Amino acid sequence: MARKKLIAGNWKMNGLTADGTALAKGIAAEVKALGKPQCEFLVCPPFTLLAAVKKALRGARVALGAQDCHFDAKGAHTGDVSPLMLTDLGCAYVILGHSERRADHGESNELVCKKAEAAHQAGLKTVICIGETLEQRDAGQTIDVCSKQILGSVPETATAADTVIAYEPVWAIGTGKTPTAQDVEDVHAAVRKVLAKKLGRANANKMRILYGGSVKPSNAKEFLSLPDVDGALIGGASLKVEDFMAIAKNSGC
Ligand code: 13P
């Protein structure tokens, strides 16, 4: 089953207009230079930069995504941003349930699922994040935790066309630590099994499962050549054009 790899940058809460625009322009130029890339590219800047980055990406095969959304289309939700507002700005994707949102904002599987349903209804594709803490890993609960997150966070109606899963072990995010390649493959294969039970085998076989957590140019090939790893969700290294593009190139894009 050929799944087109997705190389996605999560800029998190980084970038002002000048550097965000320069980063997007740099990525756009490099992706254009690839001609017809073998991978799909995605950048997810903070809300404040979405419009400027959209402009900077013009003409390049790089999709725009946000890092969160509300489940309502509009209304009395001070400080929130709706899925429709994101499509209005030219977003194709939204990241949901990142561990930083689960930790900083108490987001539950149920809330992530509700957001995902609303995002799909608005025409957005979702990147739904899962991953265990170090404590859970040490207790041997990795697969169990990830399976529960999949069952609770992914809508029943999700398809391979509108949903991407990102496995990001919490302890590997921004730490330079990573699981072994075998660990990553084991989790991804287990996640695909759970997806097959929930959404049917055909959907599960087509759905992309990204790895995230300290992905760098030096380890990209190792992770992205695994059979069930269909791309990367990159934090720190997505803030430098050279690193982001080196990850893509080392992954065969
Ligand atoms: P790092 O690549 O900085 O570890 O971040 C990963 C991440 O959280 C992407 O969503």
Side-chain angles (χ1 to χ4, degrees), residues 5-15 19-20 23 27 39-47 49-50 53 62-69 91-105 107 112 115-116 119 124-134 136-137 142 145-146 149-150 153-154 163-181 183-184 187-188 191 208-224 226 229-251:
K5 285 198 167 59
L6 176 62
I7 306 296
N10 175 7
W11 295 7
K12 306 192 179 182
M13 197 172 70
N14 292 295
D19 42 328
L23 177 55
I27 291 169
C39 303
E40 196 184 329
F41 287 88
L42 167 66
V43 292
C44 302
F47 290 130
L49 291 181
L50 287 170
V53 167
V62 181
L64 183 69
Q67 299 170 19
D68 179 46
C69 68
C91 287
Y93 281 87
V94 62
I95 297 171
L96 292 174
H98 191 282
S99 61
E100 286 150 14
R101 291 210 60 87
R102 291 179 188 261
D104 297 351
H105 299 272
E107 293 197 3
V112 174
K115 289 182 175 195
L124 287 167
K125 297 176 187 179
T126 53
V127 179
I128 300 178
C129 303
I130 59 163
E132 83 286 1
T133 62
L134 189 56
Q136 291 164 333
R137 181 175 196 88
T142 299
V145 167
C146 291
Q149 287 174 328
I150 291 286
S153 308
V154 177
T163 304
V164 175
I165 305 297
Y167 168 54
E168 302 202 310
V170 178
W171 54 273
I173 294 175
T175 58
K177 293 182 189 145
T178 57
T180 64
D183 285 344
V184 171
V187 176
H188 280 228
V191 164
R208 290 175 294 186
I209 307 175
L210 314 183
Y211 170 72
S214 295
V215 175
K216 298 180 283 219
S218 58
N219 62 20
K221 191 175 177 188
E222 189 186 12
F223 291 125
L224 278 92
L226 295 166
V229 176
D230 309 308
L233 183 55
I234 308 150
S238 74
L239 298 173
K240 283 193 188 146
V241 178
E242 317 82 71
D243 287 353
F244 186 65
M245 294 311 299
I247 289 170
K249 285 174 191 164
N250 293 350
S251 310

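Side chains included, hydrogens not; waters and symmetry mates left out as well; all remaining heavy atoms used. If you're wondering where the values come from, they're calculated on a predicted model, not measured in any experiment. Just follow the structure's listing: the first ligand is 1, and inside any ligand the first atom is 1.
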Side chains of V127 and L42 in contact at under 4.5 Å (non-hydrogen atoms): yes

Should the ring pair H188 and Y211 be called parallel, tilted or perpendicular, given that the plane angle runs from 0 to 90° and is split at 30 and 60? tilted

Mind listing the N or O contacts between ligand 1 and protein, cut-off under 3.5 Å?
residue	atom	partner	partner atom	Å
ligand 1	2 (O)	G235	N	2.9
ligand 1	3 (O)	G236	N	2.8
ligand 1	4 (O)	G174	N	2.6
ligand 1	4 (O)	S214	N	2.7
ligand 1	5 (O)	K12	NZ	3.3
ligand 1	8 (O)	K12	NZ	2.8
ligand 1	8 (O)	H98	NE2	2.8
ligand 1	8 (O)	E168	OE1	3.4
ligand 1	10 (O)	N10	ND2	3.0
ligand 1	10 (O)	H98	NE2	2.9
ligand 1	10 (O)	E168	OE1	3.1
ligand 1	10 (O)	E168	OE2	2.9

Residues forming a disulfide bond (SG atoms under 2.5 Å apart) with C39, sequence neighbours excluded: C253

List the residues meeting salt bridge (charged side-chain N to carboxylate O under 4.0 Å, His left out) with E100, not counting sequence neighbours, and say none if there are none. K12

For L6 and D230, what are the C-alpha separation, side-chain angles and deciding distance, and is it a side-chain contact (heavy atoms from CB on, under 4.5 Å)? CA-CA 7 Å; L6 176 62; D230 309 308; over 6 Å; no

Taking salt bridge (charged side-chain N to carboxylate O under 4.0 Å, His left out) as the test, write out the residues that go with D19, two or more places apart. none

